[in-house]
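Have a look at the structure below before the remarks.
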Number of protein chains: 2
Amino acid sequence: MATQPRQSQRRRQVLSRERIVEAAIELLDTAGEGALTVRTLTERLSTGSGAIYHHVGTMNELLEAAIDSVIADALAALSTEPAAPVRGLGAAGTPEDEIRAVALGLFDAVTEHPWLAAQVAVQITRNPWGSVTRRVFESIGRPMRALGVPQRDWFATTSTLVHYFLGAIAQNAHTPHGTSDGRTPEGEAERAEFLDTAAGAWQDLDPDDYPFIRAIADQVREHDDREQFLTGINLVLRGIIASYPTRHEIAR
Amino acid sequence: MATQPRQSQRRRQVLSRERIVEAAIELLDTAGEGALTVRTLTERLSTGSGAIYHHVGTMNELLEAAIDSVIADALAALSTEPAAPVRGLGAAGTPEDEIRAVALGLFDAVTEHPWLAAQVAVQITRNPWGSVTRRVFESIGRPMRALGVPQRDWFATTSTLVHYFLGAIAQNAHTPHGTSDGRTPEGEAERAEFLDTAAGAWQDLDPDDYPFIRAIADQVREHDDREQFLTGINLVLRGIIASYPTRHEIAR
DNA sequence: ACCTGAACACCGTTCAAGT
DNA sequence: ACCTGAACACCGTTCAAGT
């Protein structure tokens, strides 16, 4: 017959933007921040550098896409199982619970993908109103309305909460140099040692220069990141609620 | 005579770690984030790369030193003129005023040195308990005690405030790619245009996917960074004060 | 259209060699 | 001790050439 054989379907796995992003995330997760280069990607995908640029544009765009993908997944996982009790919390119910759930969802995404902390921070400075901001604002904003904040202050209150997240997540990036992950026993031990060293150094500072630092060194040593993260959220929430006391009682 | 001529003093300006850090800051301020490389530094200082490594160890160490220097200066400037009225505020007096002054001091340091935002964020993720954290905690911690927070919560409340600063500062890094600085008229105009574009894009999002984002797009367009920064601090402060109502009255 | 891979400009860092 | 600058390994990106 004269029909031309279709050749497009012959490859066993077509290269695509999605597959590249996926491979990038895998690389970052398994080998750490410094491991994602065009060359390691081409090896992993057994292709040439030109192929990557054909699909993805630039290395920075690839990173943006990787961040966006992980954040989107983390937030989507929350909304599909909204009633599931978040670790350490009861079932979601009040707007405060929902906000806490979103925050902890992001926090846990960072512990799963330690490279996220630095990458989100950098991306936020480069593109303050990009997809990360957009997604997080939307997720926090919806329960924010239910908190009784008047519309003219939606932006201000949501910003405050989101900024707190970002800062806390940045400072809680675990695993100093990508050797091990966050929640494994080894990761925990490494982290405890790390904190102990830092607290010890603070303990030894000149009391005239750093009286406060010395006074809290022990609390640094013993604190739990996730718990402290939650405490901070509750503090900010209390500030918001105290500012708009009409609909909610302040004390609980 | 047989006395050997001293040759050590012959150079007109001896290279030193301090001079290198100073030159690095100048380079970052005038030419932007991407302009600081070993080669540009050697040109500016008319020396060889080996000389820099002899004094400074590594590029990352140099960046750390530059950050530390700028932050230290910003905080020191505050404590030498504590009674000077901070822009837009009355004279410092209450602990809240002092906390606001520190926060705005950092905020203004970032507008003066736009590269600070990204660099601080990255440094915080790499070294969460380094000198930046230490300095800022100490500056915030002292007035925190005066707020009436019990000692066992000093770390928690200070962390929360500092994390808010860090996040807000990261997101408020002005000048997308280092073309102009923050507070000049051109910078203002560029920034207004930038915000307008972002707000416009948010306006056009799918109302089903992003109802909240669409609702606040106008507030994004019209908000002032510094004012919003202050609003957020006041919100967090209110949360803290509301949690320890013994010593202070909540309302004002 | 999709992909290959050599080549390019640039980066941080090292180190034998000078004073 | 302090400095020079060529050399090294590595990076992101481009592009003529292939299918």
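Keep in mind the model is a prediction, meaning the values are calculated, not measured. Chain letters run A, B, ... following the sequence lines, proteins first, then strands; residues in each count from 1.
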Can you measure [X] atom [atom1] to [N] atom [atom2] for me and round it to whole angstrom units?
X       : N      : atom1 : atom2 : answer
A:Met59 : D:dC10 : CE    : C1'   : 13 Å
B:Ile20 : C:dT13 : CD1   : P     : 13 Å
B:Leu15 : C:dT19 : CG    : C1'   : 15 Å
A:Arg17 : C:dC2  : CZ    : P     : 14 Å
A:His55 : C:dC3  : NE2   : C1'   : 8 Å
A:Glu43 : D:dG12 : CD    : P     : 12 Å
A:Leu63 : D:dG12 : CG    : C1'   : 12 Å
B:Leu41 : C:dC10 : CG    : P     : 17 Å

Please pick, from [options], the nucleotide with the shortest atom-to-atom distance to any side-chain atom of [X].
X       : options               : result
B:Tyr53 : C:dT14, C:dC2, D:dT13 : C:dT14
A:His54 : D:dC3, D:dG12, C:dA1  : C:dA1
B:Thr37 : D:dG12, D:dC3, C:dC11 : C:dC11

**OP:** Select from A:Arg39 and A:Gly48 the residue whose nearest nucleotide in DNA chain C is closer to the 5' end of that strand.
**Re:** A:Gly48
Is it true that [X] and [Y] make a salt bridge, defined as a side-chain N closer than 4.0 Å to a carboxylate O?
X        : Y       : value
B:Arg39  : B:Glu43 : no
A:Arg44  : A:Glu26 : yes
A:Arg135 : A:Asp68 : yes

Subject >> Any A:Thr58 side-chain nitrogen or oxygen under 4.0 Å from OP1 or OP2 of D:dT13 >> reply: yes
Original post:
B:Ile213 and A:Glu138: which non-hydrogen atoms are nearest, and at how many Å?
Top reply: N-OE1, 2.8 Å
**OP:** For A:Gly50 and for A:Val38, locate the closest nucleotide of DNA chain D by heavy-atom distance; then report the residue assigned to the nucleotide nearer the 5' terminus.
**Re:** A:Val38
Original post:
Does some side-chain heavy atom of A:Asp204 sit less than 4.5 Å from a side-chain heavy atom of A:Tyr210?
Top reply: no
**OP:** Determine which bases of DNA chain D form Watson-Crick or G-U wobble pairs with both distances under 3.5 Å, and write the result as a 5' to 3' dot-bracket string with | for other-strand partners.
**Re:** ||.|||||...|||||.||
Subject >> Donor-acceptor pair (no angle test) under 3.5 Å: B:Ser49 side chain, D:dA7 base >> reply: no
Subject >> Side-chain donor-acceptor contact under 3.5 Å, A:Arg226 with A:Asn172 >> reply: no
Subject >> Test of ring centre spacing under 6.0 Å for A:Tyr164 and B:Tyr164 >> reply: no
